[in-house]
Amino acid sequence: MSIANLARRVVRALTPYQSARRIGGQGHVWLNANEAPLAYPFTIEGSRLNRYPECQPAEVVNSYAAYAGVNPDQVLVSRGADEAIELLIRTFCDAGEDQILICPPTYGMYAISAETCGVGIVELPLTASRQPDWPAIADRLSDVKLVFLCSPNNPTGDLVGRKGLIALLEKARERAIVVVDEAYIEFCPESSVVDLLAQYPNLVVTRTLSKAFALAGIRCGFTLGDPEVIAMLAKVIAPYPIPEPIAQIAAQALSPMGLSLMQERVQELNKQKALIKAELIRLACVKEVFEDKGNFVLVRFNDGASVFAAMKAAGIILRDFSTKPGLDNSIRITIGYQGEMDAVIKVLRDLSLNTPSASNQTAASI
């Protein structure tokens, strides 16, 4: 008998989330994981490394609360936003009984976390305008405990409509929790829904230091919500989720100097994003440019496979989403520094020379 037969049936049947590192690839320009292009130095003080860390480091919690504009009892720090997603499912859903709701195409870990926890999944695809199908979601509120919405959405880059969200929160009161994933919100901070937490105890917002803060390697994320929700999650989280070195780095990133560096980084990446988008919409090989509210842009090409192959040959690693619903020939490009973006455009220009016409080219957002 194979040892694998001892695993739970759901795990044996599970296809794991295909993270950028799991997929791998060979190249020198990595634009497939929505990481920041450059790392910044931090210092670690080692005198406390012999002690177990605080479950919820006060300096990190207080600093993030001040940054996000909430009270400290509305913040939970975790091992990335991925742990926050799983904590929410483990806290509010019973295995074999409850379900979550997702709106594909969207971030894959919502479904993976639900599957590993033995929780069902209701899928309601985005509408033609790439918005959640608000009436359809409202009709399924009695069937689900959690609704996951990503804003800006990964991989399409669209923001969740505020009017639709508020209407859903009203209908979901005391029925379901609505989770808004704001992993990329620093690139469009005016679109955050954190202000709605004061009115809706059934709203939860997840955040991360992986993107705009350029700290994907430390795995540090945050859950923002009603104090009662945070207290429930704190019952379930591991005893020592945040290692002492991680807490020190996070505290530095959330200091006034760290926040200033983050904002400068966002301005530079948004500038690069505007430049590459202006180039993309002029290229004959490009069919559609999607919304661009994160640190990436999703592009539908006339022949996505050829583009992906040409990029790979040039040592440029991108993320192919052509198998996702409604995203045929679509490739996501992380925004890097100027040299990386120039390399991407060069490949696309060369391909466009062999594309006879750009007459069918459209842009979803110009």
Side-chain angles (χ1 to χ4, degrees), residues 64-65 67-71 73-76 81 84-85 87-89 91-93 98-107 110 114 121-208 221-233 290-294 364-365:
Y64 200 85
Y67 164 67
V70 298
N71 297 322
D73 63 356
Q74 293 180 275
V75 177
L76 186 84
I85 293 165
L87 281 172
L88 285 160
I89 294 171
T91 301
F92 292 100
C93 297
D98 294 322
Q99 301 183 103
I100 70 165
L101 188 150
I102 62 174
C103 301
T106 192
Y107 183 43
Y110 311 138
I121 304 164
V122 174
E123 294 190 12
L124 293 177
L126 297 175
T127 66
S129 60
R130 297 196 299 274
Q131 279 294 301
D133 189 337
W134 302 115
I137 296 173
D139 288 343
R140 297 302 300 270
L141 286 176
S142 297
D143 302 327
V144 301
K145 285 284 191 72
L146 297 163
V147 177
F148 284 95
L149 303 172
C150 192
S151 184
N153 187 42
N154 177 16
T156 66
D158 298 276
L159 292 164
V160 167
R162 188 178 178 91
K163 182 178 179 181
L165 174 63
I166 291 173
L168 178 63
L169 288 166
E170 290 285 358
K171 293 176 182 177
R173 283 185 186 272
E174 299 182 3
R175 300 174 67 189
I177 291 173
V178 179
V179 183
V180 179
D181 182 343
E182 290 191 342
Y184 301 92
I185 201 63
E186 278 79 16
F187 296 93
C188 52
E190 69 283 354
S191 301
S192 176
V193 300
V194 164
D195 63 296
L196 297 178
L197 290 172
Q199 299 171 250
Y200 298 100
N202 58 331
L203 172 64
V204 169
V205 176
T206 59
R207 298 274 192 87
T208 183
F222 299 88
T223 304
L224 310 177
D226 185 84
E228 187 175 8
V229 170
I230 299 302
M232 295 298 291
L233 297 176
F290 289 70
E291 190 53 273
D292 63 349
K293 298 301 184 182
S365 175

Revision key, fill the gap. One should read off an interatomic distance between Asp181 CG and Ile85 CD1, to the nearest 0.5 angstrom, of 5.5 Å
**Study point:** Residues which pass side chain to side chain donor-acceptor pair (under 3.5 Å) with Lys293, listed by chain and number, not counting sequence neighbours
**Key:** none
Study note, to complete from the structure: Sorted by chain and number, sequence neighbours left out, side chain to side chain contact (heavy atoms under 4.5 Å, CB included) with Ser192 holds for Glu182, Ile185, Val194, Arg207
Point to revise | Taking every non-hydrogen atom, the tightest pair across Pro152 and Cys188 | key: CG-SG, 3.6 Å
**Study point:** CG on Leu88 to CG on Leu146, rounded to 0.5 Å
**Key:** 6.0 Å
Review point. Mind checking what makes side chain to side chain contact (heavy atoms under 4.5 Å, CB included) contact with Ala84, not counting sequence neighbours?
Key: Ser78, Thr206, Thr223
Review point. Would Ile100 and Ile89 count as a side-chain contact (heavy atoms from CB on, under 4.5 Å) if you check the C-alpha gap in whole Å, the side-chain angles of each, and the deciding distance to 0.1 Å?
Key: CA-CA 8 Å; Ile100 70 165; Ile89 294 171; 4.2 Å; yes
Donor-acceptor contacts, no H, no angles, side chain residues 155-168, under 3.5 Å, sequence neighbours left out:
unit_1 : atom_1 : unit_2 : atom_2 : d
Thr156 : OG1    : Asn153 : ND2    : 3.0
Thr156 : OG1    : Asp158 : OD2    : 2.7
Asp158 : OD2    : Arg130 : NE     : 2.8
Arg162 : NH1    : Asp195 : OD1    : 3.4
Arg162 : NH2    : Asp195 : OD1    : 3.3
Arg162 : NH2    : Asp195 : OD2    : 2.4

Exercise for review: Identify, with sequence neighbours excluded, every residue that meets side chain to side chain donor-acceptor pair (under 3.5 Å) alongside Asp98.
Suggested key: Lys145
**Study point:** Set of residues satisfying side chain to side chain donor-acceptor pair (under 3.5 Å) with respect to Glu186, sequence neighbours excluded
**Key:** Tyr67
Check your understanding: Measuring from Leu126:CG to Thr106:OG1, what's the distance to the nearest 0.5 Å?
Key -> 7.0 Å
Exercise for review: Find the distance between CD (Gln199) and CG (Asp226) and round it off to the nearest 0.5 Å.
Suggested key: 13.0 Å
Check your understanding: Given side chains that start at C-beta, do those of Leu141 and Lys171 come closer than 4.5 Å, heavy atoms only?
Key -> yes
Practice item. Could you tell me the separation between the CD1 atom of Ile177 and the OG1 atom of Thr91, rounded to the nearest 0.5 Å? Key: 8.5 Å
Check your understanding: Hey, is CD on Glu174 packed in by over 12 heavy atoms from elsewhere, all under 6.0 Å?
Key -> no
Study note, to complete from the structure: Across all chains, not counting sequence neighbours, the ring pair (Phe, Tyr, Trp, His ring centres under 6.0 Å) partners of Phe148 are Tyr110
Study note, to complete from the structure: Here the ring pair (Phe, Tyr, Trp, His ring centres under 6.0 Å) pairs for residues 168-203, sequence neighbours left out, are Tyr184-Phe296
Exercise for review: Name all residues meeting the side chain to side chain donor-acceptor pair (under 3.5 Å) criterion together with Asp73; count only those two or more places apart in sequence or in a different chain, and write none if there are none.
Suggested key: none
**Study point:** The single option from Val180, Val179, Ile137 passing side chain to side chain contact (heavy atoms under 4.5 Å, CB included) against Val147
**Key:** Ile137
Check your understanding: CD of Gln74 to CD1 of Ile230: how many Å apart, nearest 0.5 Å?
Key -> 8.0 Å
Review point. Should Leu149 and Cys103 count as side-chain neighbours, where that means a heavy-atom distance under 4.5 Å?
Key: yes
Check your understanding: What are the two closest non-hydrogen atoms of Thr208 and Ala81, and how far apart are they?
Key -> CB-CB, 4.4 Å
Review point. Pairs in or reaching into residues 153-172: which pass ring pair (Phe, Tyr, Trp, His ring centres under 6.0 Å), with residues at least two apart or in two chains?
Key: none
Check your understanding: Residues in side chain to side chain contact (heavy atoms under 4.5 Å, CB included) with Ser142, at least two apart?
Key -> Arg175
Practice item. Please test Trp134 against Thr127 for side-chain contact (heavy atoms from CB on, under 4.5 Å), starting from the C-alpha separation and ending with a verdict. Key: CA-CA 9 Å; Trp134 302 115; Thr127 66; over 6 Å; no
Review point. Could you walk me through whether Leu169 and Asn202 pass the side-chain contact (heavy atoms from CB on, under 4.5 Å) check?
Key: CA-CA 7 Å; Leu169 288 166; Asn202 58 331; 4.0 Å; yes
Point to revise | Set of salt bridge (charged side-chain N to carboxylate O under 4.0 Å, His left out) partners for Glu123, sequence neighbours left out | key: none
